[in-house]
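Note that these values count all heavy atoms, side chains included, but never hydrogens, waters or copies made by symmetry. In this text, all values refer to a predicted model and were calculated from it rather than measured experimentally.
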Amino acid sequence: MKREIIISGFGGQGVMSIGKNLVEAGMAEGFHVTWAPSYGPEMRGGTANCSVVLSSRPVGSPVFTHPTDLIAMNAPSIAKFGGQVVSGGLVLINCSVTEERLTRPDVRTVYVPCESIAYELGNPKAANMVMLGAYIAASGALKRETAEEMIRGMFRGEKAKLVPLNLEALQQGIYSVERTIPSAAAASKIPLHSAAALRQHPFRSISSAANQEGTAVPP
């Protein structure tokens, strides 16, 4: 199994944290992973992005031009990366902030109202966790239980009170896809295979980076 993922959106939407969370969960499941962020002036309101590779085999390079999956948190991300996704790939679009649609019949597109769900939960900063859950459900690349364990490991001490909110955001993202696609993982056009545990990694706290990038924190 190999998935090459671009996560893109406005600076502050938590795109880097989604990438870090995917990498953490991927390592916990024994995958080889890479994470390559893109920093620069675009962070002030343009399109910030990061690239993630999840693979059952060693990764030769973190750089790729045609992702298998795209997580687009805003309209500029669709315009910039929508045409680069491989035929048969997966595209998730945050439809809370854009009405733009991807007109490509050769990819599977899932629309997720991330901000709307996060507002209903009481904290708009949880939108990126909603999208993480949606990606897990739509792709079938990772187990939801792994993501739940990761969340519990991220928020400790005084921040432990944020665990229920983030778990609920994750679950609502999963449900938003499952309501649309009854068997989300089975619907994927990219073959998925369970990888044997290649190495063991304890979860590391990434709460600092997550807080900066938009994972739910106290208002």
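In this structure, the side chain of S96 engages the main chain of S116 through a donor-acceptor pair within 3.5 Å. The closest donor-acceptor contact from the side chain of H66 to the backbone of Q84 lies under 3.5 Å. At distances below 3.5 Å, not a single donor-acceptor pair connects side-chain atoms of E100 with backbone N or O atoms of I78. Looking at R57, its side chain never comes within 3.5 Å of a backbone N or O of K2 through a donor-acceptor pair. Here the side chain of S8 pairs no donor or acceptor atom with the backbone of A72 at under 3.5 angstrom.
A salt bridge (charged side-chain N to carboxylate O under 4.0 Å, His left out) check over residues 129-148, counting only residues at least two apart or in different chains, returns the pairs R144-E178.
Nearest approach of N128 to G14, heavy atoms of both residues: ND2-O, 3.6 Å. Across every non-hydrogen atom of A127 and C114, the tightest pair is O-CB, 3.7 Å. R3 approaches S139 most closely through the heavy-atom pair NH1-O, 3.5 Å. Of all heavy-atom pairs spanning V107 and V91, the tightest one is CG2-CG2, 4.2 Å. Nearest approach of R101 to C95, heavy atoms of both residues: NH1-CB, 4.4 Å. Between P58 and H32, the closest heavy-atom pair is N-CD2, 3.5 Å.
Distance OG1/T68 to CE/M1: 9.0 Å, rounded to 0.5 Å. Atom CG of N94 and atom CD of Q13 lie 6.0 Å apart (nearest 0.5 Å). Between S56 atom OG and F31 atom CZ the span is 7.0 Å, to the nearest 0.5 Å. Interatomic distance, CD of E24 versus OG1 of T146, reported as 12.0 Å (0.5 Å rounding). Rounding to the nearest 0.5 Å places CD1 of I93 at 5.5 Å from OG1 of T109. Distance CD/Q171 to CD1/I151: 8.5 Å, rounded to 0.5 Å.
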**Request:** Check step by step if side-chain contact (heavy atoms from CB on, under 4.5 Å) holds for L162 and K125.
**Result:** CA-CA 12 Å; L162 298 174; K125 291 184 177 181; over 6 Å; no
**Message:** side-chain contact (heavy atoms from CB on, under 4.5 Å), that's the test. Do V33 and V52 meet it? Break it down for me.
**Reply:** CA-CA 7 Å; V33 301; V52 169; 5.8 Å; no
**Asked** After noting the C-alpha distance and the side-chain angles of T98 and N74, does the key distance pass the side-chain contact (heavy atoms from CB on, under 4.5 Å) rule?
**Response** CA-CA 6 Å; T98 178; N74 61 6; 6.0 Å; no
**Item:** side-chain contact (heavy atoms from CB on, under 4.5 Å) between I136 and L170, worked out
**Value:** CA-CA 9 Å; I136 289 173; L170 181 83; 4.2 Å; yes
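By the 4.5 Å heavy-atom criterion applied to side chains, K80 and N49 are counted as neighbours. Counting heavy atoms from C-beta outward, M131 and L92 have side chains that approach closer than 4.5 Å. Annotation: side chain of M154 is in contact with side chain of N21 (closest heavy-atom distance under 4.5 Å). Looking at heavy atoms from C-beta onward, E4 lies out of side-chain contact with S51 at the 4.5 angstrom threshold. In this structure, L142 and M150 have side chains that are not in contact, with every pair of non-hydrogen atoms separated by 4.5 Å or more. Y135 is not listed as a side-chain neighbour of I7, based on a closest heavy-atom distance of 4.5 Å or more. W35 is listed as a side-chain neighbour of K20, based on a closest heavy-atom distance under 4.5 Å. For the pair I6 and F64, the minimum side-chain heavy-atom distance is below 4.5 Å.
Using a 4.5 Å cut-off between side-chain heavy atoms of Ile, Leu, Val, Met, Phe, Trp and Tyr, with links allowed through other members, L121 and I18 fall into the same hydrophobic cluster. If you chain together hydrophobic residues whose side chains sit under 4.5 Å apart, V97 and M16 never meet in one group.
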